[in-house]
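The figures here come from the full heavy-atom set of this structure, side chains too, leaving out hydrogens, waters and symmetry mates. Numbers here are sequence positions counted from 1.
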Amino acid sequence: MNFLTKIITADNTETFLNTKVKESYHSQTGAVEEALKKYALPCKIKELAKTGKIKILDICFGLGYNSAMAIDVALAENHHCEIEVVGLEYDPTIIEKIQEVSPPIHFFQHYKKLTLSSLSFQEGKIIVNVILGDARETIKQLPDHYFDAVFFDPFSPKTSPQMWQVPFFEQAFRTMKNTAILATYSCARMVRDNMSTAGLLYDNGPLVGRRGPGTIATKWKNEDKINP
Ligand SMILES: C[S@@+](CC[C@H](N)C(=O)[O-])C[C@H]1O[C@@H](n2cnc3c(N)ncnc32)[C@H](O)[C@@H]1O
């Protein structure tokens, strides 16, 4: 049975509704808007692009909008920027659906190369690699202190509570550079408490679409940051 139904969100961009978990893959107030305003902007992708190299961990990759949008933002700032994206996703069905959407994200045309038989590609200085499997396990194979930006986009804490627990945030912390920023759409108390227990410092992320602000998390307070 097909449990994925295409829907059009309020910014006129497509996503899917997952009827098994009764949640959509993006905010219904705007799928592409969310990728830009909840992930690329708070993770300071534009600023990172100036350094010439960005490593992005796209947790719960889905259709890949968040990292594809970040690539657009980075390349608009610095056309020569080297970008590595690692995506973690456990559902092959949603990867197949990449072929059925055409969001207004320029780099997304290359994401169409992602198929179940080919989960990575290189396009110029951009490398994208999707690791299929439960992110709670696959994250363990990623190196320490590696990523500049972490996009954390599971289904809600109610639907996927296992993704929002301390052990997962500890793993995310481990993979983050000291200067890295993690962004997520949730501002739930439980989520923030678990981030704190894992050693992350959190703050309000942008208020876009959904009821509350998102959350951004770092390893250090801004004023404690050592130069990158
Ligand atoms: C809200 S959607 C993410 C949307 C995605 N960021 C995009 O731009 O299309 C949540 C995603 O988390 C994935 N997911 C849920 N549990 C997971 C797990 N344990 N490991 C990896 N992915 C998981 C789902 O399959 C789904 O694609």
Main-chain N/O of K22 paired to T19 side chain as donor or acceptor, under 3.5 Å: no
Name the atoms and distances for all side-chain donor-acceptor pairs under 3.5 Å in residues 133-142, with sequence neighbours left out.
from	atom 1	to	atom 2	distance (Å)
D134	OD1	R136	N	2.9
D134	OD1	R136	NE	3.2
D134	OD2	R136	NE	3.3
D134	OD2	R136	NH2	2.6
E137	OE1	K140	NZ	3.3
E137	OE2	K140	NZ	3.2
T138	OG1	D134	O	3.3

Close side-chain approach of I126 and Q122, heavy atoms under 4.5 Å: no
Using side-chain heavy atoms (C-beta onward) and a distance below 4.5 Å, is E96 in contact with L116? yes
Hphob cluster co-occupancy, L63 + Y90, side-chain heavy atoms under 4.5 angstrom: no
Side chains of T115 and S118: donor-acceptor distance under 3.5 Å anywhere? no
I7: hydrophobic cluster co-members (side-chain, 4.5 Å): L17
Can you classify the ring geometry of Y25 versus F155 as parallel (below 30°), tilted (30 to 60°) or perpendicular (above 60°)? perpendicular
May I ask you to test the V150-I181 pair for a side-chain heavy-atom distance under 4.5 Å? no
On the six-membered ring of F3, is K20 placed so that its NZ or CZ lies under 6.0 angstrom from the centre and within 45° of the ring axis? yes
Would T29 and S27 satisfy side-chain hydrogen bond (donor to acceptor under 3.5 Å, both in side chains), going step by step from the backbone distance to the final call? CA-CA 5 Å; T29 60; S27 168; 2.6 Å; yes
Would you give the length of the straight line joining atom CG of L75 to atom CD1 of I45, rounded to the nearest 0.5 angstrom? 11.0 Å
Side chains of F173 and M195 in contact at under 4.5 Å (non-hydrogen atoms): no
Determine, step by step, whether M163 and C60 satisfy the side chain to side chain contact (heavy atoms under 4.5 Å, CB included) criterion, reporting the C-alpha distance in whole Å, the side-chain angles of both residues, the deciding distance to 0.1 Å, and the verdict. CA-CA 10 Å; M163 287 300 293; C60 294; 3.8 Å; yes
Sequence neighbours excluded, every pair satisfying side chain to side chain donor-acceptor pair (under 3.5 Å) that has a member inside residues 195-207: R189-Y202, R192-N204
Which heavy atom of A40 sits nearest a heavy atom of M69, and at what distance? CB-CG, 4.4 Å
Does K38 pair with E34 as a salt bridge, N-O distance under 4.0 Å? no
If you measure from CG on D148 to CD1 on I83, what distance do you get to the nearest 0.5 Å? 10.5 Å
Distance to the ring centre below 6.0 angstrom and angle to the axis at most 45 degrees; does that hold for K177 and F147? no
Applying side chain to side chain contact (heavy atoms under 4.5 Å, CB included), name anything that partners L119, two or more places apart in sequence or on another chain. I95, V130, L132
For S186 and T215, the nearest pair of non-hydrogen atoms, with its separation, is O-OG1, 2.6 Å
Taking all atoms of both residues into account, what is the closest heavy-atom pair of F107 and A68, and its distance? CB-O, 4.2 Å
Is there any salt bridge (charged side-chain N to carboxylate O under 4.0 Å, His left out) pair reaching into residues 97-109, and which pairs are they, with sequence neighbours excluded? K97-E100
Would a hydrophobic clustering, with Ile, Leu, Val, Met, Phe, Trp and Tyr connected at side-chain separations under 4.5 Å, put I8 with L4? no
Sorted by chain and number, sequence neighbours left out, ring-ring contact (aromatic ring centres under 6.0 Å, His included) with F16 holds for none
Which is it for F168 and F152 under the ring-ring contact (aromatic ring centres under 6.0 Å, His included) test, yes or no, and what are the steps along the way? CA-CA 11 Å; F168 195 86; F152 188 64; 5.5 Å; yes
Of all heavy-atom pairs between P213 and L207, which one has the smallest distance, and what is that distance? N-CD1, 3.4 Å
Between the side chain of E89 and the main-chain N/O of D91, is any donor-acceptor distance below 3.5 Å? yes
Pairs in or reaching into residues 57-78: which pass side chain to side chain donor-acceptor pair (under 3.5 Å), with residues at least two apart or in two chains? D58-S67, N66-D153, S67-Y111
What one should report as the nearest heavy-atom pair of G62 and I98 is O-CD1, 4.1 Å
Residues two or more places apart in sequence or in another chain: which of them pass side chain to side chain contact (heavy atoms under 4.5 Å, CB included) with P206? P42, V208
Going by atom type alone, with no hydrogens or angles, which donor-acceptor pairs under 3.5 Å involve a side-chain atom of residues 46-56 and a protein atom two or more places apart or on another chain?
from	atom 1	to	atom 2	distance (Å)
T51	OG1	L48	O	2.6
T51	OG1	K53	O	3.2

Which of L200, L57, D144 passes side chain to side chain contact (heavy atoms under 4.5 Å, CB included) with M176? Answer is L200
Mind running side chain to side chain contact (heavy atoms under 4.5 Å, CB included) on Y146 and E84 for me, showing each step along the way? CA-CA 11 Å; Y146 193 74; E84 179 183 348; 2.6 Å; yes
Partners of P104 by side chain to side chain contact (heavy atoms under 4.5 Å, CB included), sequence neighbours excluded? T13, V32
Listed partners of S120 passing side chain to side chain contact (heavy atoms under 4.5 Å, CB included), at least two apart: N129
For residues H79 and C81, determine if any side-chain heavy atom of one lies less than 4.5 Å from a side-chain heavy atom of the other. no
Could you check whether E23 pairs with K158 (Lys NZ or Arg NE/NH1/NH2 to Asp/Glu carboxylate O, under 4.0 Å)? no
As a quick check of understanding, evaluate side chain to side chain contact (heavy atoms under 4.5 Å, CB included) for H145 and T175, giving each step before the final call. CA-CA 5 Å; H145 305 293; T175 67; over 6 Å; no
May I ask you to decide if V101's main-chain N or O and K112's side chain share a donor-acceptor pair within less than 3.5 Å? yes
Residues 27-51 vs ring-ring contact (aromatic ring centres under 6.0 Å, His included), sequence neighbours excluded, gives Y39-F151
Check the pair K219 / L201 against side chain to side chain contact (heavy atoms under 4.5 Å, CB included), numbers first and verdict last. CA-CA 6 Å; K219 293 173 94 161; L201 298 159; over 6 Å; no
Any side-chain heavy-atom pair of F108 and S102 under 4.5 Å: no
To the nearest 0.5 angstrom, please state how far the CD1 atom of I94 sits from the CZ atom of F61. 10.5 Å
